[in-house]
Amino acid sequence: MTKRTSKPVRLIGKGMPRVDADGKVRGTTRYLNDIDYKGIWHGVVVRSPVPRGILRAIVPGPAFAGDNLVLATAKDIPGENVVHMHDRTMPLLAEIGGEIRYRGEPVAVVAAATPEQAAAAARDVRIEVDELPPLLTLDEAVAIFKSAPGKLDTMKEQTIVKGDLAQGFTAADDVVEAEYWAGHQEQLYLENQGLVVFPQKDGSILSEGSIQCPYFPVHELNDPLKLPPEKIRVRQTPIGGAFGGKEDYPTMLTGYAALPALKSGKPVKITYERNEDILFTPKRHPVWVRFKTGFKKDGTLTAIECDYILDGGAYLTISDVVMYRGILHCALAYRCDNVVIRGKVARTNSFPCGAFRGFGAPQAIWGIESHMDAIAARLGKTPHEYRLQVHARPGDVTPTGQTLSDENGSTACLKLALKRSDFARKLRQASRGKLRKGQKKFVGVGLSFFAHGSAFTGDGEAKFKAKGRVELARLEDGKPGINIRVSSTEMGQGVHTIFTQIAADALSLDAARIRFPMADTGLVPNSGPTVASRTTMVVGNVVYRAALDLKNQIESFAALRFFKGAPAELRGSRLLSKGARPVSFETAAKAMLAEIGSASGFFEFLLPADIRWDQATFKGDSYPGYSWSANVAEIEIDPLTCELEVKRVTAIVDIGRVINPVTATGQVEGGLTQALGYAVMEKIGTGKNGLYDAARLQTYIIPTALDVPEYDVKFVEYPYSFAPPGAKGLGELPMDGLAPAIANAIEAAIGRRLRQIPLTPEAIFAALHPAQGGTP
Amino acid sequence: MSTIRRTWKINGKTVAVRFPAGRRLLDVLREDLGLIGSKESCGEGECGACTVIVNDEPVVSCILPAGQLADGTEILTVEGIEKKRVGRLIQQAFIEVGAVQCGFCIPGMVVSSYALLCKNPKPSTKAIREGLAGNLCRCTGYTKIIAAVKLAASRIPAAKRT
């Protein structure tokens with residue numbers, strides 16, 4: 001008799017514990033530096049001692065007389081000396097006679113049998129450079145832009161135009177114009193950068209390490225290494241945090257290690273210590289943004305004009321795409337018919353900036369969300385009522401001409417944030433620079449509201465066609481199960497867990513039968529980089545569809561093999577067919593593996609056929625979907641020391657279908673904490689010598705357990721129905737909007753607006769005591 | 001450089017070690033003894049990823065010259081903590097509440113949590129924050145880590161608190 005089966009357990013939407021937590025709490029997870037490689041050499045990068053000049057000579061000293069040591073320079077590059085990135089301009093190593101463009105630019109790589117020997121030899125290389133005057137900072141670039149815009153050295157420019165800006169300003173009753181500055185930010189993943197390159201007998205290489213996007217080196221080092229993609233294999237070790245910091249940079253690092261590896265025939269490991277990691281890896285871009293907005297007496301926005309300039313550093317690398325994401329988020333969240341946004345990537349002689357969670361959007365949102373409060377103040381409206389009036393909602397048209405669908409929970413985020421934080425009441429009680437009776441501290445509350453575009457910009461996903469496979473396999477215990485084969489990397493964000501949930505639900509199997517091995521380009525199809533808040537939405541959909549494909553195959557097999565051709569359904573780890581005794585998944589899968597060998601489901605991501613995007617004009621559907629959030633920050637400021645304490649943060653978030661509420665909440669809390677650091681304490685810039693002016697954890701300060709506020713995180717779900725299970729992007733959104741919410745709260749507390757982050761006590765003091773000129 | 005010889009009790013076992021003067025405790029643990037659970041991140045005592053317990057006190061092993069530890073010193077690392085009842089409760093609680101993301105800081109967090117709960121089995125939120133203030137985490141925002149320590153504390157039987 002067939003027992004009536006109860007409904008199988010669904011994992012999507014449940015807080016399933018992480019699949020990788022056990023090894024992490026026990027300390028048995030082996031990160032790169034925990035792996036005992038035999039016979040490897042150690043590489044050290046030799047760098048330019050000046051920010052700009054002509055490289056004249058690389059002179060190795062007596063340390064190079066010994067054995068077991070190799071020095072690789074540009075002469076040892078097998079092919080063309082260029083790393084693809086986005087414009088094919090950056091050399092892998094500086095050339096003799098060529099221009100050095102930033103301090104720390106790699107000129108050679110030393111490798112030796114011991115780290116000590118390699119370090120000593122690297123110190124014994126003399127670099128001769130004829131120095132040239134550098135332009136080091138965004139401040140200098142913006143000064144040029146203001147005095148002689150044509151003289152600004154830009155590496156990329158892009159403009160967004162909607163409607164008629166001049167008409168918009170003509171129709172305006174009033175105009176508010178202001179500038180906002182944001183500084184560098186260091187990712188500060190706890191595990192430093194590192195990888196090992198193993199030269200192979202056939203001339204190919206294998207790179208293994210803390211690598212966020214394994215397919216990047218595969219496609220970006222073909223020219224310098226003179227190797228086709230299939231001869232560059234990359235696999236990830238467990239990653240101790242990345243946040244974008246291990247997105248673009250490991251391509252360079254793989255190139256640096258590959259040169260001495262290919263020259264010596266030895267595997268070469270390069271791993272940075274914290275000091276080198278902070279000084280010589282990419283940061284979040286500093287940005288200057290100027291908003292000029294026209295509006296009617298009733299508050300209707302008639303014109304938004306925006307200039308957004310980011311400091312790309314010495315080479316473009318990926319800064320064009322960061323700028324695109326930035327300008328696409330400058331005026332995304334509000335209704336306005338006439339918009340012009342001009343984005344520019346300025347070139348400076350500083351370390352090239354790179355990816356960091358948010359990717360241009362936090363700087364844009366820092367500007368517009370500060371500015372919206374300034375407009376509200378001019379209108380005599382409260383910041384929340386004004387946002388409720390003019391915020392974008394379904395049916396509205398974005399600056400690029402995209403009509404927002406019903407799957408945008410913008411209004412719900414805003415309203416729930418105001419309600420849960422009791423915003424209106426707290427705003428009325430804000431100090432505005434005057435301590436009330438009995439109060440020892442200024443109190444304030446601030447709001448921000450914003451969206452984050454999920455996945456690649458425009459038709460990027462349509463062109464990329466993320467691929468993934470889900471295959472039947474024998475697991476470690478000898479019993480059959482499922483392998484997930486995608487290139488998404490686990491960096492702490494939880495993808496191994498949520499894809500396990502998605503595959504288990506699609507197949508109606510127990511999560512214990514699902515295995516998700518570390519990404520290895522030799523084994524997995526290219527599902528794209530683990531970036532751009534795309535993984536759960538795009539690759540999650542690929543896993544879901546591929547799993548359904550495999551489920552069909554298992555069911556067809558079982559129908560013939562066990563049920564005389566009658567239809568079968570895989571449900572709750574059993575194959576069911578009407579009137580027949582159920583067959584366990586284990587039995588059916590074993591039979592399938594024995595008879596066919598293997599089976600796999602495959603899927604290639606598609607976007608709806610009607611998606612429109614014109615890269616030249618920046619018109620059309622700029623992202624497949626949008627996540628939304630509203631943040632409320634409640635703060636206190638000590639009037640004497642100007643110390644700022646963020647007491648409580650409310651974050652209401654629409655990320656579509658929440659796959660795992662526990663990991664999702666953890667992502668939000670963690671992102672908010674990085675945003676807190678960005679907003680109030682993390683300070684680093686390019687110093688006069690061309691080096692970052694903070695180089696260690698004693699000088700670059702990030703939030704500790706004592707600094708974090710109480711968080712109130714709630715989700716409202718407006719699923720992306722085109723791509724089941726319906727998730728939208730989450731990774732970057734929590735990084736986007738806390739800084740302006742805190743600046744707005746500071747304004748409510750002290751009656752002064754700060755226009756530069758980080759919002760340090762020194763800056764608050766200067767705002768409160770302008771006559772004293774700043775530093776107390 | 002002269003060689004130092006010591007006999008310590010590491011994770012409950014007597015272990016004889018020898019190392020050059022100036023060698024850091026972290027290197028002795030990780031490289032000489034294979035106890036790779038303790039991590040190196042900042043190398044200057046700021047981040048706490050290398051935290052171990054020396055004679056009942058949490059210390060950052062990356063800036064502690066191993067030669068400063070006398071014969072008979074008791075050292076507890078994350079590898080030893082899971083053999084302790086409270087240690088296992090802490091690890092379980094970290095998993096249950098979702099306090100783990102990339103995991104690199106977590107061994108140090110578990111060790112600091114253990115040191116805290118051994119001294120103060122029912123800590124206030126403020127005491128937990130202070131107890132973990134020397135351990136940096138870049139992923140979680142600490143909220144779930146603090147919740148995990150609270151949960152573990154709530155499960156420590158009143159009579160057996162070590």
Side-chain angles (χ1 to χ4, degrees), chain A residues 15 17-18 20-31 33-36 187-192 238-243 273-275 490-494 660-663 665-674 676-677 696-698 702-711 713 734, chain B residues 30-31 34-49 77-79 81-82 87-88 90-112 125-126 128-146 148:
Chain A
R18 291 179 69 104
D20 57 352
D22 187 66
K24 289 177 172 177
V25 299
R26 298 174 66 199
T28 56
T29 299
R30 288 188 176 251
Y31 301 85
N33 285 344
D34 303 327
I35 302 170
D36 188 13
Q187 294 87 356
L188 221 114
Y189 32 74
L190 266 275
E191 180 207 23
N192 293 322
I239 296 175
F243 317 113
E273 290 188 350
R274 179 60 60 190
N275 181 255
E490 175 62 66
M491 316 175 260
Q493 84 281 38
N660 184 322
V662 174
T663 59
T665 307
Q667 281 263 77
V668 175
E669 291 164 351
L672 288 170
T673 304
Q674 286 181 353
L676 173 75
R696 4 184 359 206
L697 271 171
Q698 285 178 4
I702 67 167
T704 71
L706 289 169
D707 299 308
V708 289
E710 179 192 338
Y711 290 125
V713 176
Chain B
R30 283 180 56 86
E31 293 174 18
L35 296 169
I36 53 95
S38 307
K39 306 298 179 196
E40 174 156 14
S41 176
C42 72
E44 57 180 17
E46 287 287 328
C47 77
T77 71
V78 69
E79 287 89 351
I81 273 177
E82 69 180 50
R88 198 60 203 148
I90 292 166
Q91 290 175 326
Q92 280 299 341
F94 268 65
I95 295 173
E96 273 179 52
V97 307
V100 178
Q101 289 190 32
C102 88
F104 205 79
C105 73
I106 295 297
M109 285 286 184
V110 166
V111 170
S112 288
T125 302
K126 187 164 174 282
I128 296 172
R129 286 174 183 255
E130 283 168 357
L132 300 179
N135 293 78
L136 295 178
C137 170
R138 192 58 156 170
C139 295
T140 65
Y142 306 100
T143 305
K144 296 203 186 307
I145 291 175
I146 294 164

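All values reported here derive from a predicted model rather than from experimental measurement. Reminder, nothing fancy here: chain letters follow the sequence lines and each chain counts from 1.
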message = So does B:G37 get a backbone contact from the side chain of A:D34, meaning a donor-acceptor N/O pair under 3.5 Å?
response = no
message = Assess whether a salt bridge exists between B:R129 and A:D707, defined as any Lys/Arg side-chain N lying under 4.0 Å from an Asp/Glu carboxylate O.
response = no
key: Spacing of B:I106 atom CD1 and A:T29 atom OG1 [to the nearest 0.5 Å]   = 10.5 Å
query = Do B:R138 side-chain atoms and A:G240 backbone N/O form a donor-acceptor pair below 3.5 Å?
reply = no
task = Of all the heavy-atom pairs spanning A:V662 and B:V97, show the shortest one and how long it is.
result = CG1-O, 3.6 Å
request  = Heavy atoms only: give me the nearest B:V78-A:G27 pair and the separation to one decimal.
outcome  = CG1-CA, 4.2 Å
task = Taking ring-ring contact (aromatic ring centres under 6.0 Å, His included) as the test, write out the residues that go with B:F104, two or more places apart.
result = A:Y31
A:P703 versus B:L136, closest heavy-atom pair with distance = O-CD2, 3.9 Å
Taking every non-hydrogen atom, the tightest pair across A:A21 and B:I95 = CB-CG1, 3.8 Å
query = A:I239 versus B:C102: any side-chain heavy-atom pair under 4.5 Å?
reply = no
query = Between the main-chain N or O of A:R26 and the side-chain N or O of B:E79, is there a donor-acceptor pair closer than 3.5 Å?
reply = no
query = Does B:V100 offer a backbone N or O that forms a donor-acceptor pair with the side chain of A:K24 under 3.5 Å?
reply = no
B:E46: partners by side chain to side chain contact (heavy atoms under 4.5 Å, CB included), with sequence neighbours left out = A:L697, A:Q698, B:C42, B:E44
message = Taking every non-hydrogen pair under 4.5 Å, which of A:E273, A:E710, A:M491, A:R274 racks up the most with chain B?
response = A:R274
query = Just wondering, do B:C139 and A:F243 contact through their side chains at under 4.5 Å, heavy atoms?
reply = yes
message = Between B:M109 and A:V25, is the side chain to side chain contact (heavy atoms under 4.5 Å, CB included) condition met? List the steps.
response = CA-CA 9 Å; B:M109 285 286 184; A:V25 299; over 6 Å; no
remark   = Honestly, the part of B:K144 sitting under 4.5 Å from a heavy atom of chain A is both
task = Check for a donor-acceptor pair, side chain of B:Y142 on one end and backbone N or O of A:L706 on the other, with a separation under 3.5 Å.
result = no
Any donor-acceptor N/O pair, A:T704 side chain to B:A133 backbone, under 3.5 Å = no
